[in-house]
Amino acid sequence: MINFQYARAGDVADAVRQIAADPTAKFIAGGTNLIDLMKVDVERPSRLIDISRLPLKTVEQTADGGLRIGALVPNSDLAYHPLIAQRYPMLASAILAGASAQLRNMASTGGNLLQRTRCAYFYDTATPCNKREPGSGCSAIAGLNRMHAILGASEACIATHPSDMCVVLLALDATVHVAGPAGERAIAFADFHRLPGNTPERDTNLEPNEIVIAVELPARGFATNYTYLKIRDRLSYAFALVAVAAALELDGSTIKEARLALGSVAHKPWRDPAAEAALRGQAANPAAFARAADVLLRDARGYAHNSFKIDLARRAIVRALTQAARGTPQSQSNKKIL
Ligand SMILES: Cc1cc2nc3c(=O)[nH]c(=O)nc-3n(C[C@H](O)[C@H](O)[C@H](O)COP(=O)(O)OP(=O)(O)OC[C@H]3O[C@@H](n4cnc5c(N)ncnc54)[C@H](O)[C@@H]3O)c2cc1C
Ligand code: SF4
């Protein structure tokens, strides 16, 4: 039994005060990732600061036509929110492709961004892992690496970020709002998660004394031609091998604007402006989609057990863009299911 203290934050300022006062403390929101990590002795916070009752549970329209999602909006409430279902169905699809209904009821928006990798060695304290214990080595590079990164990896870590929701937030150009001792700041979603480099212990650019308070979506939701395609070992309750968020704005059969992001292929959700530029102005057909896939995957590199993911990603990109162009998304949004 590991002892830890428990405290409840009264408001955002109090939460920031408490985390700034104790570098070994951790926020707890839904607890669906943190408690698992505590049970296997990967996380050992001296104190849990419970933020689950903070007033960050609303979805509000912004002045410029977007939406501001409170950090404590549960994943299920977000997926079933009418404005998300109607205007951002790609986000609803991604959320509903993740975890299980019970987990989505508990999991929060902020916690989803900050969930940690599913690399088995990270969870196994008997093995070296640079992310868990900096400098100890990476067991996955020469070990079982079937689920691991094909893009952006380093000599220190080849883990992937497992979130579904984050892939779409990246594709939609979301912004993360955070609060810390110096006040509030906004982080572009593309800059929120990090590549491993030689500091794989840091997943994000959130400072240890900061709290995520909201995620903001811009007005454009790509609600007509989109898909979220998640390829996994079984059809539900499994993390992705490769996931693709694809959205198009079409003028007849010509692509005016494209969004393309990959999940579970790198330490962060993966997007590359060059791949989207390769689609702009092209006819929406498999040849153009394959060219964009080649651009997006040009630096992909496999390890002993995961080279198949490069080919899988290429085919998944073409399929996803085809679904988006046809207006036949892989996962129906909740609006259509209900
Ligand atoms: C069996 C299982 C299957 C799953 N399958 C999937 C899946 O297929 N796809 C997918 O995307 N996810 C999946 N998940 C992950 C799940 O989505 C995350 O565990 C969940 O989103 C985390 O949210 P939470 O509120 O429970 O976070 P917590 O566990 O409470 O916290 C996670 C981390 O975030 C920090 N934190 C939480 N909120 C904030 C905040 N506002 N500001 C700063 N730090 C914060 C905590 O300190 C902690 O370090 C699965 C989880 C489980 C257990
Ligand atoms: S891939 Fe990263 S998380 Fe997995 S063992 Fe290596 S250092 Fe640890």
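Predicted, not measured: the structure shown is a model, and the values here were computed from it. Basis for what follows: all heavy atoms, side chains included, without hydrogens, waters or symmetry-related copies. All ligand and atom numbering here is 1-based and tracks the order in the structure.
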task = Consider only side-chain N and O atoms of Arg68 and Gln61, and report whether a donor and an acceptor are under 3.5 Å apart.
result = no

ask   = If we only count N/O pairs under 3.5 Å, is Thr32 in contact with ligand 1?
value = yes

Protein heavy-atom partner closest to atom 41 (N) of ligand 1 - residue, atom, separation in Å = Val212 O, 3.0 Å

ask   = With a 4.0 Å cut-off on heavy atoms, does Glu43 reach ligand 1?
value = no

inquiry  = Pairs of nitrogen or oxygen atoms closer than 3.5 Å, one from Glu210 and one from ligand 1: do any exist?
reply    = no

inquiry  = Distance under 4.0 Å to a non-hydrogen atom of Ala140: what atoms of ligand 2 satisfy this?
reply    = 1 (S), 5 (S)

message = Using 0.5 Å steps for rounding, measure from the CG atom of Asn225 to the CG atom of Leu248.
response = 6.0 Å

inquiry  = Checking side-chain polar atoms at under 3.5 Å, does Asn112 have a donor or acceptor matched by the opposite partner on Gln115?
reply    = yes

request  = Using side chain to side chain contact (heavy atoms under 4.5 Å, CB included) as the criterion, point out the one residue from Leu37, Val42, Thr117, Asp41 that pairs with Arg132.
outcome  = Val42

request  = Specify the protein heavy atom at minimum distance from atom 28 (P) of ligand 1: its residue, its atom name, and the distance to 0.1 Å.
outcome  = Gly31 N, 3.4 Å

key: Pair Asp203 + Arg194: basic N to acidic O under 4.0 Å   = no

Leu91 side chain reached by Leu217 side chain, heavy atoms, under 4.5 Å = yes

key: Heteroatom distance test (Tyr237, ligand 1): nitrogen or oxygen, under 3.5 angstrom   = no

key: Identity and distance of the protein heavy atom lying nearest atom 8 (Fe) of ligand 2   = Cys129 SG, 2.3 Å

message = Below 4.0 Å, non-hydrogen atoms only: which portion of Leu72 touches ligand 1? Side chain, backbone, both or neither.
response = neither

inquiry  = Are Trp270 and Leu170 packed together at the side-chain level, in the sense that at least one heavy-atom pair is separated by less than 4.5 angstrom?
reply    = no

task = Looking only at protein heavy atoms, identify the closest one to atom 45 (C) of ligand 1 and say how far it is in Å.
result = Leu114 CD1, 3.4 Å

ILVMFWY network linking Ile213 to Leu113, side-chain heavy atoms under 4.5 angstrom = no

ask   = Looking only at protein heavy atoms, which one is nearest to atom 9 (N) of ligand 1, and how far off is it?
value = Asp164 OD2, 2.7 Å

ask   = Can you list the ligand 2 atoms lying under 4.0 Å from a non-hydrogen atom of Tyr121?
value = 5 (S)

ask   = Looking only at protein heavy atoms, which one is nearest to atom 17 (O) of ligand 1, and how far off is it?
value = Asn112 ND2, 3.6 Å

inquiry  = Is it the case that ligand 1 has an N or O less than 3.5 angstrom from some N or O of Phe27?
reply    = yes

Shortest protein heavy-atom distance from atom 4 (C) of ligand 1, along with the residue and atom involved = Phe239 CZ, 3.2 Å

key: Contact (N/O only, under 3.5 Å) between Met165 and ligand 1   = no

ask   = Is there a side-chain contact between Val40 and Thr125 (heavy atoms, below 4.5 Å)?
value = no

message = Checking contacts here: is it the side chain or the backbone of Ile51 that comes within 4.0 Å of ligand 1, counting heavy atoms only? Could be both or neither.
response = side chain

query = Is Ala99 in polar range of ligand 1, meaning some N or O pair under 3.5 Å apart?
reply = yes

task = Taking atom types as modelled, find out whether Asn306 and His148 have a side-chain donor-acceptor pair closer than 3.5 angstrom.
result = no

query = Do Leu103 and Phe239 sit in the same hydrophobic cluster, where Ile, Leu, Val, Met, Phe, Trp and Tyr count as joined when their side-chain heavy atoms come under 4.5 Å apart?
reply = no

note = min-distance protein heavy atom vs atom 49 (O) of ligand 1 -> Lys26 NZ, 3.7 Å

No-hydrogen, no-angle side-chain donor-acceptor test under 3.5 Å, Asp191 and Asn205 = no

inquiry  = Within ligand 1, which atoms have a heavy atom of Arg118 less than 4.0 Å away?
reply    = 51 (C), 52 (C)

ask   = Does Gln102 come within less than 4.0 angstrom of ligand 1, counting non-hydrogen atoms of the residue?
value = no

task = Tell me yes or no: between the side chains of Glu184 and His177, is some donor less than 3.5 Å from an acceptor?
result = no

request  = Establish, from distance only, whether the side-chain atoms of Gln18 and Asp22 form a donor-acceptor pair under 3.5 Å.
outcome  = no

ask   = Hey, is Arg232 touching ligand 1 through its side chain, its backbone, both or neither, going by heavy atoms under 4.0 Å?
value = neither

ask   = If you measure from each non-hydrogen atom of Lys230 to ligand 1, which part falls under 4.0 Å: side chain, backbone, both or neither?
value = side chain

message = Check for me whether Ala156 has a heavy atom closer than 4.0 Å to any atom of ligand 2.
response = yes

query = Between Gly30 and ligand 1, is there a nitrogen or oxygen pair with a distance under 3.5 Å?
reply = yes

task = Give the residue, atom name and distance (to 0.1 Å) of the protein heavy atom nearest atom 37 (C) of ligand 1.
result = Gly111 CA, 3.6 Å

remark   = Per-atom filter on ligand 2: closer than 4.0 angstrom to a heavy atom of Asn130 are 7 (S), 8 (Fe)

ask   = Which ligand 1 atoms are under 4.0 Å away from a heavy-atom of Ser108?
value = 23 (O), 24 (P), 25 (O)

ask   = What is the closest protein heavy atom to atom 6 (Fe) of ligand 2, and at what distance does it sit?
value = Cys138 SG, 2.3 Å

ask   = Taking N or O atoms only and a 3.5 Å limit, does Leu34 qualify as a polar contact for ligand 1?
value = yes

request  = Number the atoms of ligand 2 from 1 as they appear, then name those within less than 4.0 Å of a heavy atom of Cys157, with their elements.
outcome  = 1 (S), 2 (Fe), 7 (S)

query = Any idea which part of Ala238 is under 4.0 Å from ligand 1, heavy-atom wise: side chain, backbone, both or neither?
reply = backbone

task = Check Leu103 against ligand 1 and report side chain, backbone, both or neither, counting heavy atoms closer than 4.0 Å.
result = side chain

query = Does any N or O atom in Ala29 lie less than 3.5 angstrom from one in ligand 1, N or O only?
reply = yes

note = Going by the 4.0 angstrom heavy-atom rule, the piece of Cys119 near ligand 2 is side chain

ask   = In ligand 2, which numbered atoms sit nearer than 4.0 Å to a non-hydrogen atom of Ser139?
value = 5 (S)

query = Could you walk me through whether Leu78 and Met165 pass the side-chain contact (heavy atoms from CB on, under 4.5 Å) check?
reply = CA-CA 10 Å; Leu78 188 58; Met165 186 173 89; 4.2 Å; yes

query = Is Asp311 salt-bridged to Arg314, cutoff N-O under 4.0 Å?
reply = yes

task = Answer side chain, backbone, both or neither: which part of Asn75 comes under 4.0 Å from ligand 1, heavy atoms only.
result = side chain

Ligand 1 contact by Pro74, heavy-atom criterion under 4.0 angstrom = no

